[in-house]
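Here's the structure we're looking at; comments come further down.
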Amino acid sequence: MAILPILQFEEKILETVEHNSVVVVIGETGSGKSTQLCQILHRKGFTKSGVVAVTQPRRVAAVSVARRVAQELRVRLGEEVGYGIRFEDRTSEKTRIKYLTDGVLLRESLSDPELNNYSVIILDEAHERSLNTDILLGLMKRLVKIRPSNLKVLVTSATLDGGKVSRFFSNCPVVTVPGKLFPVEILYSSERPTSYLESSLNTALDIHVREPEGDILIFMTGQDEIEKLVLKLEEKIQRLEEGSCMDAIVLPLHGSLPPEMQVRVFSPAPQNCRRFIVATNIAETSLTVDGVVYVIDSGYVKQRQYNPSTGMYSLDVVCISRVQADQRAGRAGRTRPGKCYRLYPSTIYWEELPEVTVPEIQRSSLAGSVLYLKSLALLDVDILKFDFLDPPSRESLEDALKQLYLIDAIDENGSITQVGRTMAELPLEPSLSRTLLEANDCGCLSQALTVAAMLSAETTLLPNQSKRHEKKRKHVPLELPDGSGLGDHIQLLQIYEHWDKAGYDTSWCMDHALQVRGMMFTKDVRKQLVQIMQKITKGPLDVKRSRGRKQSQQGYKNLRRALCVGFASQLAERMIHHNGYRTIGFKAQLVQVHPSSVLKTDEDGRLPEFVVYHELVATTRPFMRNVCAIEQAWVMPILKKLNQLNVNKLSGGTNSAEITMDGQVTDLPNKDADTKANNDRDSKIQAARERYLARKTKK
DNA sequence: GAGCACTGC
């Protein structure tokens with residue numbers, strides 16, 4: 001094996017770590033940082049005083065890198081070298097090097113806030129800025145002050161602005177390690193194409209005809225585009241004169257592809273054959289495709305974002321950042337010198353693309369993260385002043401506080417309640433945690449566990465119903481239960497109960513057009529939730545289906561009431577004259593039930609007067625996804641609570657802001673700056689979206 | 001009457 005670049009820096013790294021609590025290590029792809037850093041520290045004896053932890057943003061990475069290191073050290077995986085991911089703890093008493101997902105480390109710090117088990121914590125791939133990594137960065141900053149003598153923290157990253165992280169950690173040293181990438185020639189288009197799909201198609205064919213062998217990786221934004229481009233490529237390639245160029249295979253690659261289709265990209269191309277891989281940004285970081293020499297970059301990505309002022313999610317096509325563009329280009333230089341075709345001019349790269357991707361923490365609902373931080377007994381810390389590398393907007397934090405207050409996780413002063421502490425122990429979004437606790441009190445825990453687990457798996461549950469596939473399908477899927485007309489939560493419950501009755505049969509899933517993967521995940525989640533609930537309540541639980549019959553006879557009333565308590569911040573009231581709804585809360589939003597919902601109207605054609613919704617999504621219009629009928633009497637206490645809500649008090653009363661019921665804001669420091677930053681970002685995103693839509697309609 | 005990128009506890 002060739003010597004990895006990082007090993008030439010062993011002395012320097014050790015010396016720096018010796019004299020500093022925090023060190024930033026910048027190492028490009030191929031530097032060996034993920035596998036070697038912990039071994040360097042191990043050789044120096046850091047594993048004698050504790051375990052060396054290495055966090056990864058993804059499960060597969062944690063497992064595969066752990067396996068590699070165990071091989072290199074010639075030990076059995078799970079002994080000296082192990083890993084910990086959700087549902088799987090492969091460590092033992094012997095373990096000295098432990099790979100784990102950042103989410104697992106956060107969970108661990110819930111039971112041991114000082115993480116005393118560890119002598120070194122390495123936050124790997126920090127440049128990806130996952131929500132969990134960002135929270136860990138803040139926690140590490142505190143932790144090195146609490147454990148100055150016996151904890152070392154290393155933050156490693158490929159392209160992260162080392163200066164910024166260094167400043168965050170009181171100007172800690174930065175060690176830069178070169179990577180092992182081959183040079184990649186960048187070729188820009190002279191202008192933005194009217195259709196990047198057409199442009200990708202032509203560029204790819206051009207490469208195929210003119211350039212020597214090597215696979216082509218094409219970045220598109222979504223499944224739909226990928227399928228279109230794959231078809232067109234196949235069509236054009238067939239028309240090429242036989243013998244005029246080498247053979248070709250076209251492969252789609254995206255997240256909702258079944259795993260057996262995804263792994264096809266790992267088998268190399270046959271002799272004298274070029275592969276075209278048409279992928280989403282799953283190929284940017286999550287999956288590495290070997291053999292790629294040419295990259296075609298559209299410059300766009302689909303990104304989900306949360307708007308705290310409306311509580312709505314949207315999935316938008318936005319420009320990638322320069323960091324992302326470079327990451328994409330790097331995919332061409334893994335095995336030999338490559339080429340990257342950017343379907344936009346260099347002026348756009350330098351002047352219009354944002355330098356870095358907006359970190360996830362600034363694009364997500366923060367209820368879960370805020371509850372987590374509050375449960376960590378950070379008594380000296382006001383959540384609005386928690387030290388984030390890039391702080392979320394004040395609006396976003398206040399939105400989280402309001403949600404938490406309405407579901408009893410924090411009191412009117414913003415302090416965590418006993419209920420909130422218990423909620424934080426559950427690996428669920430706060431609304432579902434609250435639902436479980438309420439369900440436990442009113443005797444429908446078993447059902448609530450199922451609903452929570454099903455909703456956790458929701459995206460992997462249903463098959464992707466692209467029209468093309470529907471025609472291809474040989475069998476018409478069997479009909480699913482209808483939720484007794486009460487809504488989608490009830491339907492999810494009924495689906496699981498039927499599957500349970502069918503003995504968790506995989507063919508049952510396929511007959512009903514449900515993804516086996518998603519249903520198995522649901523089963524795992526439910527099992528984990530049962531275990532945690534048992535620990536919380538310190539006793540046997542009613543988690544079997546014994547009460548199901550009785551419950552369904554009375555219209556799942558207890559379950560729906562528990563949902564109402566858990567989703568107190570996600571209620572909507574029907575309009576008087578039609579079946580539109582307005583959300584109940586600070587800023588009422590006019591929304592509709594998503595057409596995929598199984599919620600039914602009564603004999604007069606009216607939908608229920610009150611519903612809870614799982615989420616608001618803005619697509620062509622604002623929709624409530626996953627709704628469940630509730631009763632007016634249950635809503636009343638929540639309305640009362642809403643009236644008493646005072647955001648100023650919730651956020652610790654550290655400023656003089658008052659937000660009144662109708663959303664009027666008076667005298668809010670920093671508010672303007674935050675709003676401006678948000679507006680700037682929103683308008684940029686909006687502009688990108690408009691450009692994209694304009695192109696789409698032209699076609 | 002719509003349509004969904006990618007992760008994770």
Practice item. Would you mind classifying the nucleic acid contact of I85(A) as base, sugar-phosphate or nothing, using non-hydrogen atoms under 4.0 angstrom? Key: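 Result for I85(A) = sugar-phosphate.
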Check your understanding: Is R86(A) touching bases, backbone alone, or none of the nucleic acid, heavy atoms closer than 4.0 Å?
Key ->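 Base contact.
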Is the phosphate of [N], meaning OP1 or OP2, less than 4.0 Å from a side-chain N or O of [X]?
X: T101(A); N: dC9(B); answer: yes
X: R621(A); N: dA2(B); answer: yes
X: Q223(A); N: dA5(B); answer: yes

Exercise for review: Could you say whether Q528(A) or T280(A) is positioned toward the 5' end of DNA chain B, judged by the nucleotide with the nearest heavy atom to each?
Suggested key: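 Nearest nucleotide further toward 5': that of T280(A).
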Point to revise | Earlier contact from the 5' end, DNA chain B, for V617(A) and Q262(A) | key: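 Whichever sits nearer the 5' end wins; that is V617(A).
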Side chain of [X] - closest among [options]:
X: P427(A); options: dT7(B), dC9(B), dA5(B); result: dC9(B)
X: T620(A); options: dC6(B), dA2(B), dC9(B); result: dA2(B)
X: R59(A); options: dC6(B), dC9(B), dC4(B); result: dC9(B)
X: F623(A); options: dT7(B), dA2(B), dA5(B); result: dA2(B)

Check your understanding: Are Y344(A) and E352(A) close enough that a side-chain donor and a side-chain acceptor fall under 3.5 Å?
Key ->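 No, no side-chain donor-acceptor contact under 3.5 Å.
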Exercise for review: List for me each residue that meets ring-ring contact (aromatic ring centres under 6.0 Å, His included) alongside F219(A), sequence neighbours excluded, and say none if there are none.
Suggested key: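 ring-ring contact (aromatic ring centres under 6.0 Å, His included) list for F219(A), sorted by chain: empty.
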Exercise for review: Please identify each residue that fulfils side-chain contact (heavy atoms from CB on, under 4.5 Å) with N116(A), with sequence neighbours left out.
Suggested key: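 N116(A) satisfies side-chain contact (heavy atoms from CB on, under 4.5 Å) with D112(A), E114(A), R147(A) once adjacent residues are dropped.
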Review point. Taking all atoms of both residues into account, what is the closest heavy-atom pair of L139(A) and F386(A), and its distance?
Key: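 Nearest heavy atoms, L139(A) then F386(A): N-CZ, 4.0 Å.
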